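Below is one structure; the comments refer to it alone.
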There are 2 protein chains.
Amino acid sequence: MANRASKSQASIVEVATLADVSTATVSRVLSGRRTKDDEIAARVRKAAAELNYSVNYAASALRSDVTNTIGLVIPTASDNFSAGLLDALEPIVDDDSRQLLLGIGADEATQIDRIDALCSRKVDGLIAVTSAGADLSRVFDKYADTIPIVQVGGRQRSFRTNMVSIDENTAMEAIIRHLAEQGVHSVAYLAGKEVSFESAELFAMFHTQVRAAGLTTDSDWNRFGDRTVSRGFDCTIRLFGERGHPDAIVCADDTIAFGVMMALHALGMNVPEDIKVVGYNDSPIASASLPTMTSVRPPYAQIVSESLRLIESGPGHPSHVSLPPQLVVRVSSTRR
Amino acid sequence: MANRASKSQASIVEVATLADVSTATVSRVLSGRRTKDDEIAARVRKAAAELNYSVNYAASALRSDVTNTIGLVIPTASDNFSAGLLDALEPIVDDDSRQLLLGIGADEATQIDRIDALCSRKVDGLIAVTSAGADLSRVFDKYADTIPIVQVGGRQRSFRTNMVSIDENTAMEAIIRHLAEQGVHSVAYLAGKEVSFESAELFAMFHTQVRAAGLTTDSDWNRFGDRTVSRGFDCTIRLFGERGHPDAIVCADDTIAFGVMMALHALGMNVPEDIKVVGYNDSPIASASLPTMTSVRPPYAQIVSESLRLIESGPGHPSHVSLPPQLVVRVSSTRR
DNA sequence: GTGAAAGCGCTAACAT
DNA sequence: ATGTTAGCGCTTTCAC
């Protein structure tokens, strides 16, 4: 508010002068590295506020090797999971008066490049959402004992980094149990194509859970394929050209489920009365569809808090955390 | 590749020693601030590579006041426009061996907070996608003559920052001309609700262009509302309960258009034979829908290059650039 | 608990 | 064109 606003920027020296203490004291008070909270502390804070002081992060980083930045690498921002994670991570990072450095890389080479760039900026921690099939173990190992790294999802290839994965098995179990409770007897599964979140493993889990719940499925119903609306549409049309059809269709992505619902509509079938549909990833489309779609919500908040906790614990003690997603039950799967 | 890999990090002094030159020369060579490219330059680069040297950005920033970072503030990552911009911006920033600092803020207070945080980090430039109705003029003005700021979209409230806006009028003209060419006579418009990209102005442009092209519309057809699938669905159902209906429906967002297409399907109408549909923002859903959807693609690449160009020109010379989006013609609007 | 002073790694000014 | 040197603003010993 002062009239010196146009002056470049107040430094710690000016604050110290105004508060009539040493720069060391200012530094200690402002960074909370001081025991008492007495009159001196108040004076320092007052002076800092008056001068509209904020630390010079470059100087601070140079001296202390703490940059107050967290690096995040994602395959693309136009992906529900990455976007959801970004939205969940940013406020937490920022509330800690840290800053988020973002790297985007779809292929292995670009991801490696971004991780290199971020690490040479000396981020205090790195979170990487690995894309389908990328092998980042070498670059991870390169920095593993300098910077705490957290790999989110994907296949773990480096055992020197932390890993936060999503417990898809629990999710699948929740889906199947929920469907069984709604009176479903037979289920189809439209899997994803990419290896990213282990489509194949999910597929295996589906079979296990279906059997465990005493439901039935048919190998002709279940196919791998793209995560697109038209794929869901096509598969469903084909499904109903065959002899029998399931009571429910579980999809590896909301987009597929959306195509399924469109096709069912076209076929004159009602969701959820005639057939139930479950999506995956709880994208905006799930709550916007008609009827609203039951989906599986990745545990964004927990992924973020666990990742930051692992980063806090520093490099060199890699551990693996598996988090259960949440089944968001909406209209498309409920008995009416 | 050297066996000294585990050693913390090579500094410029070690590079200088190995290359047998001064640190100043190393700095000059590596930053390209040197005229000749002789044997000395080669020696320096070789030494740097051998020691796996990379500059300490904190030290560099402290000394030179250039941080090699660009700040970006968006309302949310779960928004097609912001995600598209992010994906377009990141590689360009990175290729320049700069880094992207991201701030996310949905409401005015949070946006201001993020802009403050980024600017006190002394980013070399700030790009802000302003959210609906937020007034950021004060915080913009606070930094306007220190840091080059580019406002993308939204309503311009500060005339001390650069502005990159999307020429919606040209987009609307292209849509209406295209529809007229496809034999359309009457058009409905489902507008957005939020003030963000000037729904009202777009609405006015729609009327202007419809009249200019000699087409007709009906005030009962055109409504403001949410950018959701169900809104598009409901509006369409209601539309066809009335006496007449249009040959085409233009929507302020792909999501709305998607709901429209679902409703038309339910009503037994064929797109594009019976009625044509045009969306907006060219989200992934536009190319994944059935039939594929004609939409308007924001000029991401141009927004990015213009923004960076304006940042390059430094603070204090605010200018306004308006960029025409591209009409992506797909099946939903073409004569068959 | 506080202050004085060293120095993080780099670049810009100045001198050669 | 290159080298020498000061110093960016901060944190952290080290004294007291």
Side-chain angles (χ1 to χ4, degrees), chain A residues 7-45 47-48 51-69 97-99 119-124 146, chain B residues 7-45 47-48 51-69 97-99 119-124 146:
Chain A
K7 261 295 188 197
S8 58
Q9 186 62 17
S11 86
I12 200 172
V13 181
E14 306 174 47
V15 177
T17 309
L18 183 58
D20 196 32
V21 292
S22 72
T23 59
T25 301
V26 174
S27 175
R28 288 192 268 250
V29 169
L30 262 32
S31 64
R33 214 179 305 85
R34 186 168 172 281
T35 35
K36 287 198 294 188
D37 189 353
D38 53 7
E39 190 265 337
I40 290 184
R43 222 164 65 210
V44 169
R45 269 191 285 270
L51 295 171
N52 197 20
Y53 170 79
S54 66
V55 292
N56 181 321
Y57 287 94
S60 172
L62 176 57
R63 182 59 230 240
S64 68
D65 268 330
V66 174
T67 55
N68 277 299
T69 56
S97 67
R98 288 167 149 178
Q99 211 57 53
C119 287
S120 59
R121 287 254 172 193
K122 298 189 199 300
V123 291
D124 295 337
T146 315
Chain B
K7 261 299 189 194
S8 59
Q9 185 64 16
S11 89
I12 199 172
V13 182
E14 308 176 44
V15 177
T17 308
L18 182 58
D20 197 31
V21 291
S22 74
T23 60
T25 300
V26 175
S27 175
R28 288 191 270 250
V29 170
L30 263 30
S31 65
R33 214 181 306 89
R34 186 166 172 282
T35 33
K36 290 197 292 189
D37 189 355
D38 52 7
E39 189 264 337
I40 290 184
R43 223 165 62 211
V44 168
R45 270 190 285 270
L51 296 171
N52 196 20
Y53 171 79
S54 68
V55 292
N56 180 320
Y57 287 95
S60 171
L62 176 59
R63 182 61 233 239
S64 68
D65 268 330
V66 174
T67 57
N68 278 297
T69 56
S97 67
R98 286 167 149 180
Q99 210 57 54
C119 288
S120 59
R121 285 253 173 193
K122 300 188 196 301
V123 290
D124 295 337
T146 315

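A, B, ... follow the sequence lines: proteins, then strands. Residue 1 opens every chain. Quantities reported herein were computed from a predicted structural model and do not represent experimental measurements.
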Check whether any side-chain nitrogen or oxygen of [X] sits under 4.0 Å from OP1 or OP2 of [N], and answer yes or no.
X: A:Ser27; N: D:dT11; value: yes
X: A:Tyr57; N: D:dT11; value: no
X: A:Ser60; N: D:dT11; value: yes

Using the C1' atoms of the five pairs at each end, what is the angle between the end axes of the helix from C:dG1-D:dC16 to C:dT16-D:dA1, to 10°?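 Roughly 30° between the end axes, to the nearest 10°.
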With sequence neighbours excluded, tell me which residues meet side-chain contact (heavy atoms from CB on, under 4.5 Å) with [X].
X: B:Thr67; value: B:Ala61, B:Thr69, B:Lys122, B:Asp124
X: B:Ser11; value: B:Val13, B:Glu14
X: A:Ser31; value: A:Arg33

Are the side chains of [X] and [Y] in touch, meaning some heavy atoms are under 4.5 Å apart?
X: B:Leu51; Y: B:Leu18; value: yes
X: A:Ser120; Y: B:Gln9; value: no
X: A:Gln99; Y: A:Asn68; value: no

Qualifying residues under salt bridge (charged side-chain N to carboxylate O under 4.0 Å, His left out), relative to A:Arg63, sequence neighbours excluded: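 So A:Arg63 forms no salt bridge (charged side-chain N to carboxylate O under 4.0 Å, His left out) with any residue.
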Sequence neighbours left out, what passes salt bridge (charged side-chain N to carboxylate O under 4.0 Å, His left out) with B:Arg121? Give chain and number order. none
Just list the side-chain donor-acceptor pairs under 3.5 Å for residues 23-30 of chain B, sequence neighbours left out, or say none.
{"unit_1": "B:Thr25", "atom_1": "OG1", "unit_2": "B:Ser22", "atom_2": "OG", "d": "3.2"}

Which distance, rounded to the nearest 0.5 Å, do you find between the CD1 of B:Ile12 and the OG of B:Ser54? 11.5 Å
Segment of DNA chain C, first to last nucleotide, that comes within the 4.0 Å heavy-atom reach of chain A: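 That gives a stretch of C:dG1 to C:dG9.
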A:Asn56 CG - D:dC8 P separation (whole Å): 12 Å
How many Å lie between CD on A:Glu14 and C1' on D:dG9, as a whole number? 11 Å
Would you tabulate the pairs of protein nitrogen or oxygen atoms and nucleotide nitrogen or oxygen atoms of nucleotides 2-6 of chain D closer than 3.5 angstrom?
{"unit_1": "D:dT2", "atom_1": "OP1", "unit_2": "B:Arg34", "atom_2": "NH2", "d": "3.2"}
{"unit_1": "D:dT2", "atom_1": "OP2", "unit_2": "B:Arg34", "atom_2": "NE", "d": "2.7"}
{"unit_1": "D:dT2", "atom_1": "OP2", "unit_2": "B:Arg34", "atom_2": "NH2", "d": "2.4"}
{"unit_1": "D:dG3", "atom_1": "OP2", "unit_2": "B:Ser22", "atom_2": "N", "d": "2.9"}
{"unit_1": "D:dG3", "atom_1": "OP2", "unit_2": "B:Ser22", "atom_2": "OG", "d": "3.1"}
{"unit_1": "D:dG3", "atom_1": "OP2", "unit_2": "B:Thr25", "atom_2": "OG1", "d": "2.6"}
{"unit_1": "D:dG3", "atom_1": "N7", "unit_2": "B:Arg28", "atom_2": "NH2", "d": "2.8"}

